[in-house]
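Report on the structure given below.
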Amino acid sequence: MTDTPEPPPLPPPGELILSLRGISKNFGAVSALTDIDLDVHAGEVVALVGDNGAGKSTLVKVLAGVHQPTSGTITFRGQPVTLPSPGAALDLGIATVFQDLALCENLDVVANIFLGRELDAYHLDEVAMEVKAWTLLGELAARIPSVREPIASLSGGQRQTVAIARSLLLEPRIIMLDEPTAALGVAQTAEVLNLIERLRARGLGVIMISHNMEDVRAVADRIVVLRLGRNNGVFTPDASNADLVGAITGATDNAVTRRAERLRAEGQDA
Amino acid sequence: MTDQRPPTPLDRADVRVREDAGLGGTVRAFFDRVRSGDLGSLPVVIGLIVIWTVFTSLNPVFVTPNNLVNLLFDCSTTGIIALGVVCVLTLGEIDLSVGSMSGLASAILGVLWVNQGFPVPVAVLAVLAVGAVTGSVYAMLLNRLGMPSFVSTLAGLLALLGLQLYLLGSSGSINLPYGSWVVAFGQLLIMPRWLSYSLSVLPGIAILWFGIGAAARRRAANLSAPSTARLVTKAAVITLIIVLAVHYLNLGRGVPWMFGLFVALVVAMDYALTRTKWGRSMFAVGGNREAARRAGINVRRIYMSAFMLCSMFAALGGTLAAARLASSSQQAGTGDVNLNAIAAAVIGGTSLFGGRGSAYSALLGIIVIQSIANGLTLLNLSSSLRYMITGAVLAIAVIVDSLARQSRAAHGRA
């Protein structure tokens, strides 16, 4: 798939694309997020893990422009930005694939990929849209038999592929995947993890939310743990399961683990 | 090293896709679709054959050319109303007040044109404006207050009927002048023979012209395309059917201008629904409202456009019905007009559940419904029996729609 035309200049690999500092979000008296820091580089997969209610979805919604943070700064490619609406986030280059995918089952793959962004509003250019759909799916090495079948006939993994292909249409810098492997079988999960690898290879920053530690280890470059709306450590995929689970559940949240975490962080910085 | 074989089209690269090329493939694909519950216009065609056979055997007058010409006159008025119903059904909503709207339209036409002496175009524009306002009220109630269209249009049914009775006053009916072109359009005006024959070959030419152009563009883009032979066959079959039908009608009075207007509106709506961004958004909202909203579609505006179109088509249909009857009366738009229009859309293949439908379903469905009404009238049956039979047909149509939907879900084609 190297013969496809490259999208406009992607940031060089490793460039810091998105940076959150001190993001907080309160819903009345409840602080869903408190002082969250998060960095995403180009060509990097950041896994966001945490227990139910840890604030993962709230954070994703802040980045998708659905919620506005109560305080804190968002820096996108070096510029401080605000994300007042989902459209603003999309225009900036932050695409989100929500857990329920939001596909229209009665429409075919092409129509779903181009939904709301059809070419030529008064005389739909079906040929150009179909070619572009195949190009996007080809870049993802996706195995969709036909783009003229309604979404209802596709498997869960194929639907996830269509949802991701759709988010690529606007050539985003960051793509957020909310539980991309939930409710998928073994082969389909592998398919989606392959997709994530390809997104990374294209130089996108990927934020992936998952409850499945195996999937997270398989593709993530860094694992960011949230707990009760706060940062609770950053791990590498080779961190032990006990450490990860401990950070997620808070079971080992004590002076010793915190010290170990601090030492590890200093070691990484050096 | 050169590869002699043509490159595999993009959309045939996957080995799992069976290529349904040629006539055999077309037939096979058709049966596959039907088996999985994607019935399209099959039920209506079968229904039409059954109905016409039964009525012809009961009374041979049914298939005489002049009776069919009458049938087409009657189809046009309710058919235009059904065309509007297709719009709201596509969104998974309903408008139960189309009958009252059409009755109100005929009353406004009578009052403005005959009683007040306004020119006809002004009266018709006023009627369409009232339709647009009515539709926008339904859409506002849905968008702003979340009032289900089922309830708001049921309320509208009564309110509009009341307004119709108020406008007509104590006299109860206004006769439209017989010499006027409006009444002539509704009762008499027939296309010249040469024009009807010329128009009847137009669809075939359009299929060939646009089909070959689209196929060439698809091949240039390395996509699979239908063969020219297949296009020619399709165009030939369709042209043959239409020319024969037109010829048969020309044995009698000919093709009514009013039916021509109806077909033109159907073709325009079909283009809007299938070839424009607006149409794509309609099906998206009907299929998954939340997904459409997240895709950046202005869902409220889509609802607004659909309800306004529906009420305006109902108003136009009511105007033509008044012309057909040469009067605006208290009975206009009451009785079975409402259900006939909705039944026509559903029988033609527009799903009550939203997200599926076609403008042509209004055309096919109304021919079925009107055939039943016409045939029962020829048999001199009382309206009590006519209502019961029409009701049963509507029930059967909805059952077929329901079963087909379940089958589609089971075959993954929802």
Side-chain angles (χ1 to χ4, degrees), chain A residues 64-66 85-87 90-91 96-98 100-135 137-138 142-155 158-159 163 166-167 169-170, chain B residues 9-19 36 38 90 92 213-225 271-272 274-299 351 353-357 405 408-414:
Chain A
V66 178
S85 70
L90 274 177
D91 291 341
T96 314
V97 179
F98 288 99
D100 57 2
L101 303 182
L103 300 171
C104 290
E105 298 214 336
N106 57 329
L107 298 179
D108 64 21
V109 175
V110 177
N112 266 288
I113 288 180
F114 281 88
L115 197 59
R117 291 189 280 279
E118 290 86 356
L119 305 178
D120 207 345
Y122 296 103
H123 184 87
L124 296 183
D125 192 345
E126 295 287 351
V127 175
M129 289 200 285
E130 190 166 339
V131 169
K132 178 71 180 170
W134 281 115
T135 311
L137 293 171
R143 287 181 292 153
I144 304 272
S146 165
V147 293
R148 287 299 179 192
E149 288 289 312
I151 291 292
S153 66
L154 300 186
S155 73
Q158 288 171 332
R159 289 177 198 213
R166 172 159 86 181
S167 69
L169 191 62
L170 286 187
Chain B
L10 270 176
D11 51 346
R12 291 288 180 268
D14 198 301
V15 290
R16 289 171 293 177
V17 178
R18 188 182 69 202
E19 182 157 17
S36 63
D38 201 352
T90 303
R217 266 185 293 126
R218 285 181 67 86
R219 283 200 198 90
N222 193 19
L223 293 168
S224 69
Y271 180 88
T274 57
R275 293 273 177 273
T276 69
K277 183 173 179 168
W278 174 79
R280 192 57 56 83
S281 306
M282 291 275 289
F283 285 104
V285 172
N288 186 342
R289 184 183 167 169
E290 178 60 19
R293 193 184 64 78
R294 286 202 211 147
I297 292 171
N298 189 336
V299 175
S351 174
F353 306 99
R356 297 180 69 83
R405 182 169 183 255
R408 282 197 303 273
H411 287 81
R413 305 185 63 109

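Residue numbers begin at 1 in each chain, while the letters A, B, ... track the order of the sequences. Heavy-atom basis, side chains included; hydrogens, waters and symmetry copies ignored.
Considering all non-hydrogen atoms of both residues, B/Ala221 and A/Val131 come closest at CB-CG2, 3.5 Å. Closest approach of A/Arg117 and B/Ala295 over heavy atoms only: NH1-O, 4.5 Å. The two residues B/Phe283 and A/Leu107 come nearest to each other via the heavy atoms CB-CD2, 3.8 Å.
Using a distance-only test at 3.5 Å, with no hydrogens or angles considered, no donor-acceptor pair links the side chain of A/Asn106 to the main chain of B/Arg356. B/Lys277 places no side-chain N or O within donor-acceptor distance of the main-chain N or O of A/Asp120, the cut-off being under 3.5 Å.
Rounding to the nearest 0.5 Å places CG of A/Leu124 at 7.5 Å from OH of B/Tyr271. Separating the SG atom in A/Cys104 from the CD atom in B/Glu290 is a distance of 10.5 Å, to the nearest 0.5 Å.
At a threshold of 4.5 Å between non-hydrogen side-chain atoms, the residues A/Leu103 and B/Asn288 do not count as touching.
The number of heavy-atom neighbours closer than 6.0 Å to CZ of B/Arg275, taken from other residues, nucleotides and ligands shown, is 12 or below.
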Set out, in order, the CA-CA distance, both residues' side-chain angles and the distance that settles side chain to side chain contact (heavy atoms under 4.5 Å, CB included) for B/Asn222 and A/Trp134, then state yes or no. CA-CA 11 Å; B/Asn222 193 19; A/Trp134 281 115; over 6 Å; no
Check the pair A/Glu126 / B/Arg280 against salt bridge (charged side-chain N to carboxylate O under 4.0 Å, His left out), numbers first and verdict last. CA-CA 12 Å; A/Glu126 295 287 351; B/Arg280 192 57 56 83; 2.7 Å; yes
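Using a 4.5 Å cut-off between heavy atoms, A/Asp100 contacts chain B through its side chain alone, with no backbone atom that close. Contact of B/Arg217 with chain A is made through backbone and side chain together, with heavy-atom distances under 4.5 Å. Heavy atoms of A/Val147 lying under 4.5 Å from chain B are absent altogether.
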